[in-house]
Amino acid sequence: MTDSLDPSGPAAPRAGSIAARAMAARGSRAPDYLAGLNAEQRAAVETTEGPVLVLAGAGTGKTRVLTTRIAHILATGRAWPSQILAVTFTNKAAREMKNRVGLLVGEQVEGMPWLGTFHSIGVKILRRHAELVGLKSNFTILDTDDQIRLIKQLIQAENLDDKRWPARGFAQMLDAWKNKGLTAKDIPEGDARAFANGKGRELYAAYQARLKSLNACDFGDLLLHPIAIFRAHPDVLAEYHKRFRYILVDEYQDTNVAQYLWLRLLAQRPTRRDSTAIAETRAPAAGRKGERPSAGEAAPAQASERSERSAVSEDQRQQINICCVGDDDQSIYGWRGAEVDNILRFDKDFPGATVIRLERNYRSTAHILGAASHLIAHNEDRLGKTLFTDFSDPEHQKVEVNAGWDSEEEARAIGEAIEDLQRRDSHDLNDMAILVRASFQMRTFEDRFVTMGLNYRVIGGPRFYERMEVRDALAYFRCVVQPADDLAFERIVNTPKRGLGDATIRLLHDYARSREIPLIAAAGEMVETEELKPKPRNALRRVVTDLVRWAGLLDSTKHTELAEQILEESGYTAMWQADRSAEAPGRLENLKELIRSMEEYESLASFLEHVALVMDTEQNADLDAVSIMTLHAAKGLEFETVFLPGWEEGLFPHQRALDEGGRSGLEEERRLAYVGITRAKRRAKIWFVSNRRIHGLWQSTIPSRFLDELPEAHVEVMEANTNTYGGYGASRWDGAAAFQENAYQTPGWRRAQAANAGFAGGKGSSGGDGWSGGRTRQIDYGGGAGSNARAGAAAGRGHNQPPKQGFGLYASARKGGPREIEGELVAKSVIAEDSRFASGDRVFHQKFGNGTVASVEGNKLTVDFDKAGQKRVLEGFVEGV
DNA sequence: ACACAGAGACACCTG
DNA sequence: GTCTCTGTGT
């Protein structure tokens with residue numbers, strides 16, 4: 001127990017005690033922090049006792065309610081900061097919650113050790129009781145990479161064909177099992193058989209055994225181990241029951257079964273039922289459309305279940321102070337194990353729950369809300385909310401639907417729309433976003449924006465801590481801090497190359513296994529024997545003595561210096577310095593960044609812990625740039641203007657969601673669409689095109705069914721400028737000169753007043769080539785494809801040659817080029833001030849390395865790179881040397 | 001130890 | 001098409 005405030009110390013003022021009431025009632029006004037809340041929000045904040053479910057629609061002030069609720073609990077003295085458990089999914093959400101609570105209650109937030117992600121809290125619990133599951137409290141946390149390598153070894157050890165049974169696939173199965181809270185013995189027979197001729201269960205068990213011997217666990221274990229501990233040790237659980245007076249859960253619709261079980265154990269008093277399987281509390285999907293349990297009233301539960309559970313709940317109710325906040329309509333992580341059912345079933349899990357709906361939206365215009373609400377109403381599995389707004393916007397734009405020829409035209413038109421908004425309305429780029437369904441769509445936009453010189457930012461690329469060089473460096477640190485970390489050791493024994501090949505490593509493995517000692521220890525012993533040839537022996541000795549020496553410096557040397565020393569002395573830095581490839585300088589830069597980011601931690605060990613749990617790095621928001629991200633990544637964000645490209649069958653809804661998820665898959669896609677639209681405050685612009693390249697082939701596509709589910713009243717169908725697009729189809733292939741001349745000289749899109757034709761689907765049968773001008777949104781699914789059964793794919797029998805650019809003018813949209821993506825990509829705008837560079841300047845580029853500027857045009861530089869040759873790059877990509 | 005060819009993926013992606 | 005991983009050949 002290391003909490004600053006031990007809960008066994010002074011008891012928190014009892015709720016309702018004189019002191020608490022007096023604290024709450026200072027002055028006759030409500031406390032400041034309650035000011036500005038609407039009635040429902042306030043109810044959600046003030047209903048502190050008993051189970052509460054807050055159904056918070058998009059933009060209804062969910063975070064505000066959560067943070068204010070915490071502030072309220074603290075301010076009224078109901079609990080000490082250390083007695084509140086507040087869980088989120090992401091570090092970002094946890095950080096934001098902490099900041100905002102801090103704004104309300106000041107330093108008290110620092111006393112909240114139990115505010116964090118499921119995983120970070122899981123680690124914390126596990127470290128305290130590690131020995132109960134056979135681990136030491138300094139266990140390491142493996143990431144997916146380590147996990148896969150380990151599984152691969154196991155598969156090979158079982159003499160299985162690792163081609164036929166790829167480690168990656170097993171890792172996914174494992175993940176799915178763990179998400180469901182299943183240990184090796186719990187997995188269904190069918191699942192067990194599904195892998196490696198029925199060895200699934202064995203492998204799972206072997207994997208866990210191996211983890212134990214490595215004193216390690218994976219992400220799933222961070223929840224599963226605590227669950228096992230709680231179940232097997234009621235005394236430990238009781239300790240947490242005593243500690244956590246209030247539990248708050250963010251994004252409850254995203255919880256998976258394991259998280260649910262974990263929460264339930266913490267939230268409910270132990271009963272004879274709690275250690276049994278979840279199955280008995282599983283009710284059929286609750287809350288069909290139209291069924292709306294009102295606040296304070298438990299929804300009708302099945303009789304048997306109710307009588308069984310209510311006996312427990314009656315006397316415990318006041319103690320189950322759990323408040324879950326979420327929105328069933330924004331559940332988009334089913335594929336990752338999230339169970340919408342958890343939220344749909346809340347009032348059955350927690351009988352007598354108060355259900356509060358937040359339906360007043362503070363974000364979007366009535367049109368946007370209207371469109372989104374109408375769309376989501378097509379879902380059956382939902383609790384049902386009706387959002388409303390007072391948001392008034394002079395322009396009050398309807399949701400736009402635009403059609404385009406192909407993805408390149410889509411990118412072009414959206415790029416122009418962005419520039420228009422920027423010019424005409426001085427719209428900040430930061431306040432615009434392009435939300436795509438699949439990340440491959442991003443590329444077209446990047447290509448286009450680079451040529452336009454439009455600033456953009458890709459959110460959610462490969463992450464810093466997943467880069468090869470960063471992981472290598474971390475592996476070195478792990479070996480020093482944690483000498484039993486075999487996986488880390490394997491990673492670096494021969495990096496940089498030291499002549500320690502497979503043969504040596506295998507001998508080392510055998511030696512270690514026969515003696516049941518970690519690899520590093522084995523290496524230490526082995527170099528004293530004659531088993532290795534002199535060359536590898538000396539190389540290995542060098543590695544081991546280095547590691548031992550560095551470990552000896554742990555206490556005496558500042559960790560950042562030690563880290564640098566390790567990278568230097570191991571030859572790792574030198575390896576990249578010697579590397580002539582274009583990426584090498586960037587990698588060295590990343591290593592520096594890594595060391596820099598260690599500054600704020602006390603030790604190597606605490607830094608490594610941080611890294612294991614925090615896989616994201618902050619983006620810099622300084623630069624004005626359009627954001628490009630997936631719809632998934634957009635959840636929780638908001639923008640003035642949102643572009644939603646790619647609304648085509650097969651892409652959105654995604655074919656795989658339909659194939660694998662059936663109706664519920666479709667509903668999840670629809671929720672994704674709902675999330676997309678509701679990100680917009682004022683403008684939402686939807687796009688679809690009739691040709692898209694999928695897996696390298698051009699396919700004809702038909703408009704998404706979701707378009708048809710939008711309400712006429714809130715949607716405006718945009719029509720292309722007739723100069724540009726009239727007769728497009730007819731003229732495309734014969735390239736009518738008249739149109740070519742005007743193509744794209746007329747910027748932007750003209751509003752179409754009336755809309756009453758249909759978008760023809762694929763090219764072909766309907767004579768028209770793709771979409772012909774003058775059509776609108778009475779969508780004709782039958783249109784070229786003949787059948788919409790397998791939308792995208794079926795339509796593919798169209799042309800497999802790229803639809804050539806219809807017009808010469810823009811046919812030059814370039815390919816390839818400087819599209820550097822390092823987590824964040826920002827191209828400088830054309831409208832930028834004069835270039836900081838002149839010809840002759842030496843510059844450095846993340847991808848191409850060093851070079852000399854040959855010429856400058858605005859913000860575009862032509863650079864002769866020393867290694868990569870001459871390239872045109874945007875100024876934003878290079879820095880002066 | 002490194003270069004190159006062939007294979008397979010190619011929704012969404014937190015810890 | 002294009003990226004990444006793997007295996008093979010020199």
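Proteins come first, then strands; the chains are lettered A, B, ... in the order of their sequence lines, and each starts at number 1.
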| field | Aromatic plane relationship, A:Trp177 with A:Phe170 - under 30° parallel, 30 to 60° tilted, over 60° perpendicular | value |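 Aromatic pair A:Phe170/A:Trp177 classed perpendicular.
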| said: Tell me if the aromatic rings of A:Phe195 and A:Trp165 count as close, with their centers under 6.0 Å from one another. | reply: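 Ring centroids of A:Phe195 and A:Trp165 are less than 6.0 Å from each other.
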| query | Hey, would you say the A:His632 and A:Trp335 ring centroids sit under 6.0 Å apart? | reply |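 Yes - the distance between ring centres of A:His632 and A:Trp335 falls below the 6.0 Å cut-off.
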| message | For Watson-Crick and G-U wobble pairs within 3.5 Å on both distances, what is DNA chain B written in dot-bracket notation, | included for inter-strand pairing? | response | ||||||||||.....
Does a nitrogen or oxygen in the side chain of [X] sit under 4.0 Å from OP1 or OP2 of [N]?
{"X": "A:Thr144", "N": "B:dG15", "value": "no"}
{"X": "A:Thr117", "N": "B:dT14", "value": "no"}
{"X": "A:Asn91", "N": "B:dG15", "value": "yes"}
{"X": "A:Arg443", "N": "C:dT2", "value": "no"}

Atom [atom1] of [X] and atom [atom2] of [N]: how far apart are they, to the nearest Å?
{"X": "A:Lys92", "N": "B:dC13", "atom1": "NZ", "atom2": "P", "value": "13 Å"}
{"X": "A:Asp250", "N": "B:dT14", "atom1": "CG", "atom2": "P", "value": "16 Å"}
{"X": "A:Ile459", "N": "B:dT14", "atom1": "CD1", "atom2": "P", "value": "12 Å"}
{"X": "A:Phe118", "N": "B:dG15", "atom1": "CZ", "atom2": "P", "value": "13 Å"}
{"X": "A:Arg168", "N": "C:dT6", "atom1": "CZ", "atom2": "P", "value": "8 Å"}
{"X": "A:Glu408", "N": "C:dG1", "atom1": "CD", "atom2": "C1'", "value": "12 Å"}
{"X": "A:Arg693", "N": "C:dG1", "atom1": "CZ", "atom2": "P", "value": "7 Å"}
{"X": "A:Arg467", "N": "C:dT4", "atom1": "CZ", "atom2": "C1'", "value": "17 Å"}

When you measure from the side chain of [X], which nucleotide among [options] comes out closest?
{"X": "A:Tyr333", "options": "B:dG15, B:dC13, B:dA11", "result": "B:dC13"}
{"X": "A:Arg437", "options": "B:dG15, B:dC13, B:dA11", "result": "B:dA11"}
{"X": "A:His632", "options": "B:dG15, B:dC12, B:dA11", "result": "B:dC12"}
{"X": "A:His654", "options": "C:dG1, B:dC12, B:dA11", "result": "B:dA11"}

| In a check of side-chain contact (heavy atoms from CB on, under 4.5 Å) between A:Phe118 and each of A:Val123, A:Thr90, A:Thr255, which one passes? |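 The residue from A:Val123, A:Thr90, A:Thr255 that satisfies side-chain contact (heavy atoms from CB on, under 4.5 Å) with A:Phe118 turns out to be A:Thr255.
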Note: [X]-[Y] ion pair, threshold 4.0 Å (strictly below):
{"X": "A:Asp485", "Y": "A:Arg478", "answer": "yes"}
{"X": "A:Arg127", "Y": "A:Glu609", "answer": "yes"}
{"X": "A:Lys178", "Y": "A:Asp175", "answer": "no"}
{"X": "A:Glu667", "Y": "A:Arg663", "answer": "yes"}
{"X": "A:Lys635", "Y": "A:Glu251", "answer": "yes"}
{"X": "A:Asp472", "Y": "A:Arg587", "answer": "no"}

| Going by heavy atoms in the side chains, are A:His378 and A:Phe706 under 4.5 Å from each other? |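 Side chain of A:His378 against side chain of A:Phe706, heavy atoms only: no contact under 4.5 Å found.
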| Is there a side-chain contact between A:Lys62 and A:Asp327 (heavy atoms, below 4.5 Å)? |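 Answer no - side chains too far apart.
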| Using atom P of each nucleotide, how far apart are C:dT4 and B:dA11 to the nearest Å? |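 Each nucleotide's P atom is 15 Å from the other's.
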| Rounded P spacing from B:dC12 to C:dC5 in Å |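 After rounding to an integer number of Å, I get 16 Å for this pair.
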Taking N or O atoms only and anything under 3.5 Å, show me the protein contacts with nucleotides 1-8 of chain B, one pair per line.
none

| Is the aromatic ring of A:His695 within stacking range of B:dC10, meaning centres under 5.5 angstrom and planes under 30 degrees? |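 By the stated criterion, A:His695 and B:dC10 stack.
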Using nucleotides 7-10 of chain C, report all nitrogen or oxygen pairs with the protein that are shorter than 3.5 Å.
none

| query | So, is the end of the A:Arg336 side chain (NZ or CZ) under 6.0 Å from the ring centre of A:Tyr333 and within 45° of the ring's axis? | reply |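 Yes; both conditions hold, so A:Arg336 lies above the ring face of A:Tyr333.
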| query | Given that A:Glu668 and A:Asp175 both sit by DNA chain B, which one's nearest nucleotide is further toward the 5' end? | reply |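 Whichever sits nearer the 5' end wins; that is A:Glu668.
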| message | Taking any heavy-atom pair under 4.0 Å as a contact, classify A:Glu660: base, sugar-phosphate, or nothing. | response |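 Base contact.
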| said: By the 4.0 Å heavy-atom rule, please label A:Gln172 as base, sugar-phosphate, or nothing. | reply: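 No contact.
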| field | A:Arg336 (side chain) and B:dC13 (base): donor-acceptor pair under 3.5 Å | value |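 Side chain to base: no pair below 3.5 Å.
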